[in-house]
Amino acid sequence: MLDLIILSLNFFICFLISIAIWCGPKDVDLHSSSTGGTEREPDGLIFIGKEEDIKKSQRITAKINGREIVVFYYEGKFHALDSRCYRKIFSCVISDIDGQVCIVCPWHKFKITLETGEGLYEGINPLELSPTPKWQSKGIKQRIHKVTTDKGNVYVSPPDLSVSFDSDYFAGKYKNGDELAMGK
């Protein structure tokens with residue numbers, strides 16, 4: 001009986017380790033000083049990393065003035081946006097939705113375009129005789145950041161905070177690494 005308990009416990013621990021590896025961070029955290037220090041170029045751009053490194057990992061996280069962003073490399077293009085969706089953190093899947101490359105929030109299934117930061121939803125027009133679901137925009141929900149590449153380096157423009165987006169709430173809430181337990 002004791003052997004069965006030990007074997008079950010061993011199996012359970014291996015199961016938890018495999019889930020942790022599978023779900024664990026795939027990002028590399030650069031520039032994560034407590035002050036959010038980053039390398040600024042003379043033109044105001046912020047160095048994020050080497051182009052080849054980001055291409056290999058497909059994504060990288062960095063902090064800009066304490067604000068965590070994620071830079072994705074997908075289908076030959078770099079995209080940067082706040083690392084938390086307008087509700088939760090991005091440990092996400094990238095999908096093509098109606099011809100647009102989107103991030104899909106793993107908790108809420110929110111779809112956010114990488115190009116514009118728009119939230120998408122599938123809705124119907126009840127006035128149609130046979131309503132068919134179509135992808136529609138909720139408007140821009142996610143702050144995106146302009147990415148520039150030069151001589152094998154990847155840079156991000158500092159965010160224009162004169163305009164606010166829904167993702168700013170969570171970017172500010174977790175600005176200094178506070179990981180509050182929040183309900184879905």
Side-chain angles (χ1 to χ4, degrees), residues 22-31 38 44-49 51-128 131-150 153-175 182 184:
W22 183 68
C23 295
K26 295 172 182 69
D27 301 337
V28 178
D29 189 12
L30 295 180
H31 316 300
T38 53
L45 296 176
I46 300 162
F47 174 77
I48 298 300
E51 196 171 342
E52 282 306 309
D53 294 339
I54 299 171
K55 284 179 178 179
K56 283 180 195 169
S57 68
Q58 301 293 298
R59 69 180 75 170
I60 191 169
T61 57
K63 285 194 178 179
I64 298 177
N65 300 328
R67 181 186 206 98
E68 191 175 271
I69 66 160
V70 62
V71 177
F72 291 97
Y73 179 75
Y74 185 75
E75 294 185 349
K77 290 183 74 177
F78 289 98
H79 306 274
L81 55 156
D82 285 349
S83 70
R84 298 183 187 272
C85 81
Y86 53 102
R87 287 295 310 255
K88 297 287 182 178
I89 191 167
F90 277 133
S91 61
C92 57
V93 177
I94 297 178
S95 297
D96 181 281
I97 297 175
D98 200 30
Q100 298 183 72
V101 178
C102 295
I103 297 259
V104 180
C105 174
W107 292 356
H108 301 99
K109 306 302 179 216
F110 292 147
K111 282 92 174 140
I112 302 163
T113 65
L114 286 176
E115 288 289 328
T116 64
E118 283 180 278
L120 299 180
Y121 70 98
E122 199 169 23
I124 60 168
N125 180 351
L127 301 177
E128 290 180 3
T132 344
K134 294 180 180 134
W135 288 102
Q136 301 177 37
S137 174
K138 296 180 191 178
I140 298 174
K141 299 290 189 178
Q142 191 72 26
R143 180 176 297 281
I144 60 169
H145 305 270
K146 184 177 183 232
V147 180
T148 304
T149 57
D150 184 40
N153 294 322
V154 177
Y155 302 91
V156 172
S157 298
D160 174 9
L161 299 176
S162 66
V163 179
S164 66
F165 299 99
D166 292 359
S167 67
D168 291 339
Y169 173 78
F170 285 100
K173 187 170 191 154
Y174 295 97
K175 188 170 185 174
M182 295 177 33
K184 291 184 184 178

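The residues of the chain are indexed from 1 along the displayed sequence. The model shown is predicted, which means the values in this text are computed figures rather than measured ones. Side chains are part of it too, since the values below use all heavy atoms of this structure and drop only hydrogens, waters and symmetry mates.
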* To do: Just do the salt bridge (Lys or Arg N to Asp or Glu O under 4.0 Å) check on Glu51 and Lys56 with the steps written out, would you?
  => CA-CA 9 Å; Glu51 196 171 342; Lys56 283 180 195 169; over 6 Å; no

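- Under a 3.5 Å cut-off, the side chain of Ser95 and the backbone N or O of Ile97 do not form any donor-acceptor pair.
- Pairs of residues two or more places apart, or lying in two chains, that qualify as side chain to side chain donor-acceptor pair (under 3.5 Å) and include a residue from residues 72-81 are Lys77-Glu115.
- Residues Thr132 and Ile124 have side chains not in contact (no heavy-atom distance under 4.5 Å, counting atoms from C-beta outward).
- For the atom pair Tyr155 OH and Ile48 CD1, the distance stands at 10.5 Å (nearest 0.5 Å).
- Scanning both residues, Ile140 and Thr116, for their nearest heavy atoms gives CG2-O, 3.6 Å.
- Between the side chain of Lys111 and the backbone N or O of Lys109, at least one donor-acceptor pair lies under 3.5 Å.
- Here the shortest heavy-atom pairing between Lys141 and Gly119 reads CG-N, 4.0 Å.
- When all heavy atoms of Ser164 and Arg143 are compared, the closest pair comes out as CA-NH2, 3.9 Å.
- Inter-residue side-chain proximity for Val101 and Ile94 is flagged as met; some heavy-atom pair is nearer than 4.5 Å.
- Donor-acceptor pairing under 3.5 Å is recorded for the side chains of Glu118 and Ser137.
- Distance CG/Leu81 to CZ/Phe72: 5.5 Å, rounded to 0.5 Å.
- Using a 4.5 Å cut-off on side-chain heavy atoms (C-beta onward), Leu45 and Ser157 make contact.
- Considering every non-hydrogen atom in both Ser167 and Asp82, the closest pair reads OG-OD2, 3.0 Å.
- Of all heavy-atom pairs spanning Ile64 and Pro159, the tightest one is CG2-CD, 4.2 Å.
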* Please lay out, stage by stage, how Leu120 and Asp98 fare under the test side-chain contact (heavy atoms from CB on, under 4.5 Å). => CA-CA 10 Å; Leu120 299 180; Asp98 200 30; 5.9 Å; no

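- If you take CD1 on Ile144 and CZ on Phe165, they are separated by 7.5 Å, rounding to the nearest 0.5 Å.
- Rounding to the nearest 0.5 Å places CD1 of Ile112 at 4.5 Å from CD of Gln142.
- Note that CG of Asp166 and CZ of Phe110 are 9.5 Å apart. Values are rounded to the nearest 0.5 Å.
- Other residues, nucleotides and ligands contribute only 12 or fewer heavy atoms inside 6.0 Å of the NZ atom of Lys146.
- Remark: side-chain polar atoms of Thr149 are not paired, donor with acceptor, to backbone N or O of Asn153 under 3.5 angstrom.
- Two residues are said to be in side-chain contact when any heavy atoms from C-beta on lie closer than 4.5 Å; Ile69 and Thr61 fail this criterion.
- By the 4.0 Å N-to-carboxylate-O rule, Arg67 lies close enough to Asp168 to be salt-bridged with it.
- Closest approach of Gly44 to Pro158, counting heavy atoms only: O-CD, 3.3 Å.
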